[in-house]
Structures are given as C-alpha cells and as structure tokens.
Trainee: 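Okay, here's the structure, questions in a sec.
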Amino acid sequence: MADFDAIVVGAGCAGSVAAYELAKAGKSVLVVERGNYAGAKNMTGGRIYSHALKEVFPDFEQQAPLERRITHERISLMAPDANFTVDFMSDAMNVPGQDSYSVLRGPFDQWLAEQAEDAGAEFICGIPVEELVMEGSRVRGVRAGEDEITADVVLLCDGVNSLLAEQAVGAARPPASQIAVGIKQTIELPASVITDRVLAGSDDEGAAWLFAGDATKGSFGGGFMYTNRDSISLGIVAGIEATMTHGKAPVYQMLEDLKHHPAVAPLIRGGKVVEHSGHMVPEGGVNIMPALTGDGVLLAGESAMMCVNLGYQVRGMDFAVAAGMHAGREAARALDAGDTSKAGLAGYVAALEDSFVMKDLRQFQKVPAFMEGFDRMFCGYPEMIRDMMNKMFVVDGSPVEPMRKQMMPIVKGMGMMNLFKDVRGAMKAL
C-alpha cells in the first residue's frame, strides 16, 4: 500500500490547483514544497488572466487576494533618451472571464494552498524533493529530506529548473537560448498615488506595462510593470544566452537603469523597495516541452515549460492553473480506474490538447525563434520611432518639410527590406 494516492511536488499555481482537484475527488494528497511556505520562491511579475481560475473557483473574485483589475495595457519602445508608449483600454477587458488581475504571488499562492488544504490535501513546506523513488522506469514516490514517501501517482509542478523531470521522463536540460532570467522589485507606494500616476479610475484598477529596447540595453528581453494595491512590481526578463554573449550590462544593472529612465522614474518616485527576487523563465514553449506523462507521473506548469512571451503579452499562470486542474482531475480518474501507468494517464495529455493550453502553445511555437532573432526590436526600432516622433513634435522655428520628406530618410536608414522582413516574420510567427 502506498502512503498516499498522490504526491504533488511544488505548491505554485499548478501544484496547489492539482492538489485541490485530487482532494475534492476524495483522494489522499500530499504536497511537498521546498519554500518555507507556498509562494515563498515565486516572483512572477504578478498577473493572472481570470478565465482559467474561474473554471476552478467560480467566485474567486470574492475570495482570492487580488491586487488590482488591469484596465490599462501599455507597451513601450524605449530608447536611452526617449520612450514611445501605446496605452490601450477597453470595456472588453472588464468582462468576467476576459479580465485579468495583478497579484502578489506570496499571498496568492498561500490562498491557493489554503483551498487545497480545506479540500483535504496535506502540505509539507521547507523540504526540497531532490530524488524520486523509482521501480524500474516507474515513479513510486519521492525522497523528501530523510523520508521516503510513496504514492500511486506523482505530479511534478516544481518549476522551470526542475530537479526531477529528467529522472521522471528523461527530460533534457533546456538550452540557454530558450531560458531567460527575471528579476523583480516590489516598490511600496500609497494606493492613491499609484492610481493617480497610472491614470486608473480607482484604487481597484491598475495597469500592465511592458518595455522593449533600452530596458535590456538592446539585448533580447524586456521590462515589465504591474500595479498592486499599494505597491508596484517592476522587473526585467532577459535571455540568458543573449545577456552572456553580447549583453551590455548585467541584469541587475538593467533593472537599476530602468528605474532611473525618465519614463519610469516619476512612476516610482518616493517608493520604498520591500522585495527583491529572481527567477528563471522558460521561453521556448512547446519546443522545449518534455514528455508530460510517464509511468506513475505527470508534469504541469513551468516544469513542463508552459509559458509564452509574445512581446506584447506574457502568459504562464493561466496555463499553470489549467494544467493543474486537468492534472488533478485526470490523475483522480486514473486512480479510480486503478491504472496510473503512462497509458492510464493519457487522458491528461488529451485534455490539454483539447484545451487552450496546448492549442495556444502550438499556435505560438514559432515565436521564440523569431523573437530571438528580432534584434531590431530591441536595438533599432526604438531609436527609429524616437527620430520619427522628434520630427513630428519638436518645433525649433526651422521651416517644416512635408511629412514624407521628414520620415522617409529615417525609414530608409533602417532599411525597407529589413522592415518588410520583420513584418513578414512576425505575421508568420503569430
């Protein structure tokens, strides 16, 4: 007899939701989290799209520790001495199921863990799982500290730098070109100050802001900002390989310089840094995804590389919640059927393939390669836009030329074929 029906490794979005579904189905579940509490090691910029969470917790808006509903989408092309920003708002962003919220992962992950505990799951925190208990090629449990704990099925939700995926399903380490490093600071400010500075309608509303260009010194990556109720999450995500090979500054310096950029400095003026954290980010999507099942084991969330960065949109938490939901439900069905082999767990893969998770990841599978080679987005286009905007808005008393004569030399300086190639590449990738 196994000690538990299921063991979940990791108490992030995927792990806690999976544990909740298993416990709700009447299964005995143990969650092992290496942090001192759920969310202790999670630093995601802090935005969750509600559609996946609503599938599991229909009334989460009244219960979960949400920060602000995102009502402004901002995207910036940033040069060292200029910034061009698109600010978008729409009533469609307020429709339930289409809305999104900023969250702080510490309290949010603790809330998810509480839902799983209330459903009957058990949690052990502060202990890393560094090895699986194997019987041939079948996973039989985990070794946590000095204890060996067995289960009929193990769910690996232990993050991008999984210590267990290789042992479980033979997953190779992802190449450096497909992994980024992210750092984030949480900067405390009064709620009313944040509301005024981002032009939000109330202290319940806020903005999501992505930066490309000088934020990463022209290297592959970008900056991000999310408004919390009484703090701002500000950070950088930069490709590891790009930063190491031709980066002009270390990532921590990129963040410091972003904080002092004229477009950002007024936003955080007078704020107090209350948190600084770092995290690896999988950006290869389905291209680096390991096998999702094995005998006695499932993978979900970042350990399965379920993340996508489109430049204008970053998603991971909604994938993790949905994958955790399907993992928990399908593991429970396999336990009921008495078959937790790879074949018995095939329903999990089928459920993901039928959901937005795999459909979206496959839709955008060409984006990582395109973005990696899209150097002009990070060094070239921000400067081109700056020069064009200077022509439009700077008045010095000189006679004004026709707009075509002002703009064409700037565009030609970038190269018409380069523009065509980049637009064509973006359309193919997206």
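Note: hydrogens, waters and symmetry copies are ignored here, and every other heavy atom, side chains too, is used.
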Trainee: Can you list every pair that meets salt bridge (charged side-chain N to carboxylate O under 4.0 Å, His left out) and has a residue in residues 306-335, with sequence neighbours left out?
Mentor: Glu21-Arg329, Arg315-Asp318, Arg315-Asp360, Glu330-Arg333
Trainee: Given Ser162 and Ser303, is the side chain to side chain donor-acceptor pair (under 3.5 Å) satisfied, shown in steps?
Mentor: CA-CA 6 Å; Ser162 174; Ser303 63; 5.5 Å; no
Trainee: Shortest non-hydrogen contact from Gly324 to Val17?
Mentor: C-CG1, 3.8 Å
Trainee: Are Val29 and Asp5 close enough, and set up right, to give a side chain to side chain contact (heavy atoms under 4.5 Å, CB included), and what steps lead you there?
Mentor: CA-CA 6 Å; Val29 189; Asp5 292 325; over 6 Å; no
Trainee: Closer than 3.5 angstrom, by distance alone: can the side chain of Gln253 be matched with the main-chain N or O of Pro250 as a donor-acceptor pair?
Mentor: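 It does not hold such a pair.
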Trainee: State, to 0.1 Å, how close Tyr381 and Met414 come at their nearest heavy-atom pair, and which atoms those are.
Mentor: CE2-CG, 3.6 Å
Trainee: Is any side-chain heavy atom of Gln63 closer than 4.5 Å to a side-chain heavy atom of Phe60?
Mentor: no
Trainee: If you apply the rule side chain to side chain donor-acceptor pair (under 3.5 Å), what do you find for Arg140 with Thr150, and how did you get there?
Mentor: CA-CA 6 Å; Arg140 288 294 186 185; Thr150 59; over 6 Å; no
Trainee: With sequence neighbours left out, what residues match Thr71 under side-chain hydrogen bond (donor to acceptor under 3.5 Å, both in side chains)?
Mentor: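 Thr71 satisfies side-chain hydrogen bond (donor to acceptor under 3.5 Å, both in side chains) with no other residue.
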Trainee: By salt bridge (charged side-chain N to carboxylate O under 4.0 Å, His left out), which residues pair with Glu114, not counting sequence neighbours?
Mentor: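 For Glu114 there are no salt bridge (charged side-chain N to carboxylate O under 4.0 Å, His left out) partners, ignoring immediate neighbours.
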Trainee: Donor-acceptor pair, distance only, cut-off 3.5 Å: does the side chain of Arg197 make one with the backbone of Arg269?
Mentor: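 The answer is yes, because a donor-acceptor pair under 3.5 Å joins these two groups.
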Trainee: Could you tell me if the side chain of Pro368 sits less than 4.5 Å from the side chain of Glu283, heavy atoms only?
Mentor: no
Trainee: May I ask you to say whether Lys259 pairs ionically with Glu256, meaning some side-chain N is under 4.0 Å from a carboxylate O?
Mentor: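 Result for this pair is yes, salt bridge flagged.
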Trainee: Indicate the atoms forming the closest heavy-atom contact of Pro290 with Met305, along with that distance.
Mentor: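 Taking Pro290 first and Met305 second, the nearest heavy atoms are CD-CG, 4.1 Å.
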Trainee: Do Pro282 and Met306 have side chains that approach each other closer than 4.5 Å (heavy atoms only, starting at C-beta)?
Mentor: no
Trainee: Counting only pairs under 3.5 Å, give me each side-chain donor-acceptor contact of residues 173-182, with atom names and distances, residues two or more places apart or in other chains.
Mentor:
unit_1	atom_1	unit_2	atom_2	d
Arg173	NH1	Asn161	OD1	2.6

Trainee: Side chain to side chain donor-acceptor pair (under 3.5 Å), that's the test. Do Asp87 and His72 meet it? Break it down for me.
Mentor: CA-CA 7 Å; Asp87 187 340; His72 283 261; 2.9 Å; yes
Trainee: Residues two or more places apart in sequence or in another chain: which of them pass ring pair (Phe, Tyr, Trp, His ring centres under 6.0 Å) with Tyr348?
Mentor: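 Expected list: none.
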Trainee: Answer yes or no: is there a side-chain heavy-atom contact under 4.5 Å between Leu234 and Ile187?
Mentor: yes
Trainee: Can you pull the ring-ring contact (aromatic ring centres under 6.0 Å, His included) pairs that have at least one residue in residues 109-146, sequence neighbours excluded?
Mentor: Phe57-Trp111
Trainee: As an exercise, state the distance from NE2 of His326 to CG of Leu298, rounded to the nearest 0.5 Å.
Mentor: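 The NE2 atom of His326 sits 12.5 Å away from the CG atom of Leu298.
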Trainee: Can you name the salt bridge (charged side-chain N to carboxylate O under 4.0 Å, His left out) partners of Glu117, sequence neighbours left out?
Mentor: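 Counting only residues at least two positions away or on another chain, Glu117 forms no salt bridge (charged side-chain N to carboxylate O under 4.0 Å, His left out).
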Trainee: For Ser233 versus Leu104, what's the shortest heavy-atom pair and its separation?
Mentor: OG-CD2, 4.1 Å
Trainee: Has Asp196 got a side-chain atom pairing as donor or acceptor with Val193's backbone, closer than 3.5 angstrom?
Mentor: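 Side chain of Asp196 to backbone of Val193: no pair is present.
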Trainee: Taking the basic N atoms (NZ, or NE/NH1/NH2) and the acidic carboxylate oxygens, is any pair closer than 4.0 Å for Lys342 and Asp295?
Mentor: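 Judged by the 4.0 Å cut-off on N to carboxylate O distance, Lys342 and Asp295 do not form a salt bridge.
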Trainee: Donor-acceptor check, side chain of Ser355 to backbone of Val357, threshold 3.5 angstrom: yes or no?
Mentor: yes
Trainee: Could you tell me whether the side chain of Ser50 and the main chain of Asp99 form a donor-acceptor pair under 3.5 Å?
Mentor: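 Checked: pair present.
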Trainee: Is there side-chain contact between Glu73 and Trp209, with heavy atoms separated by less than 4.5 Å?
Mentor: no
Trainee: Is it true that Asp158 and Arg34 make a salt bridge, defined as a side-chain N closer than 4.0 Å to a carboxylate O?
Mentor: no
Trainee: Do the ring planes of Tyr49 and His51 sit parallel (below 30°), tilted (30 to 60°) or perpendicular (above 60°)?
Mentor: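 Geometry flag for His51 against Tyr49: tilted rings.
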Trainee: Tell me the closest heavy-atom pair linking Val237 and Thr216, and the distance in Å.
Mentor: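 Nearest pair, atom of Val237 first, then Thr216: O-CG2, 4.0 Å.
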Trainee: Between Arg229 and Glu67, is the closest basic N to carboxylate O distance under 4.0 Å?
Mentor: no
Trainee: Hey, is the main chain of His276 close enough, under 3.5 Å, to the side chain of Gln185 for a donor-acceptor pair?
Mentor: no
Trainee: Where the side chain of Arg68 meets the backbone of Gly206, is there a donor-acceptor pair that is under 3.5 Å apart?
Mentor: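 Between the backbone of Gly206 and the side chain of Arg68 there is no qualifying donor-acceptor contact (under 3.5 Å).
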Trainee: Report, as yes or no, whether the 6.0 Å neighbourhood of atom NZ on Lys366 holds more than 12 heavy atoms from other residues, nucleotides or ligands.
Mentor: no
Trainee: With Val103 as reference, evaluate Asp109, Ile48, Asn228 under the side chain to side chain contact (heavy atoms under 4.5 Å, CB included) test and give the passing residue.
Mentor: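 That would be Ile48.
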Trainee: Is it the case that the ring center of Phe224 lies less than 6.0 angstrom away from the ring center of Phe211?
Mentor: no
Trainee: Flag the pair Lys217 / Met254 as yes when at least one side-chain heavy-atom distance between them is below 4.5 Å, and no otherwise.
Mentor: yes
Trainee: Can you run down the salt bridge (charged side-chain N to carboxylate O under 4.0 Å, His left out) pairs that involve residues 49-62, sequence neighbours left out, and say none if there aren't any?
Mentor: Lys54-Glu61
Trainee: Tell me whether Asp214 contacts the main-chain N or O of Met78 through its side chain, where contact means a donor paired with an acceptor under 3.5 Å.
Mentor: no
Trainee: Quick one: salt bridge (charged side-chain N to carboxylate O under 4.0 Å, His left out) partners of Asp422, sequence neighbours excluded?
Mentor: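 If we apply the salt bridge (charged side-chain N to carboxylate O under 4.0 Å, His left out) test to Asp422, skipping adjacent residues, the hits are Arg376.
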Trainee: Verify, without hydrogens or angle tests, whether Glu205 (side chain) and Arg69 (backbone) share a donor-acceptor contact under 3.5 angstrom.
Mentor: no
Trainee: Between Asp339 and Ala337, is there a donor-acceptor pair closer than 3.5 Å when you use the side chain of the first and the backbone of the second?
Mentor: no
Trainee: What I'd like to find out is whether the side chain of Ile236 reaches to under 4.5 Å of the side chain of Leu258, using heavy atoms alone.
Mentor: yes
Trainee: Can you list every pair that meets salt bridge (charged side-chain N to carboxylate O under 4.0 Å, His left out) and has a residue in residues 346-355, with sequence neighbours left out?
Mentor: Glu353-Arg362
Trainee: Looking at Lys27 and Asp152, does any basic side-chain N land under 4.0 Å from a carboxylate oxygen?
Mentor: no
Trainee: How close do Pro107 and Pro65 get, counting heavy atoms only, and between which atoms?
Mentor: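 Distance-wise, the nearest heavy atoms are O-CG, 3.5 Å.
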Trainee: In plain terms, say whether Glu188 and Lys272 are close enough for a salt bridge, that is, a side-chain N and a carboxylate O under 4.0 Å apart.
Mentor: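 Salt bridge between Glu188 and Lys272, a charged N being under 4.0 Å from a carboxylate O: no.
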Trainee: Can you list the residues that meet the ring pair (Phe, Tyr, Trp, His ring centres under 6.0 Å) rule with Tyr312, with sequence neighbours excluded?
Mentor: none
Trainee: Applying salt bridge (charged side-chain N to carboxylate O under 4.0 Å, His left out), can you list everything that pairs with Glu166, at least two apart in sequence or on another chain?
Mentor: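 Glu166 satisfies salt bridge (charged side-chain N to carboxylate O under 4.0 Å, His left out) with no other residue.
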Trainee: With a 4.5 Å heavy-atom cut-off, do Leu267 and Met225 have their side chains touching?
Mentor: yes
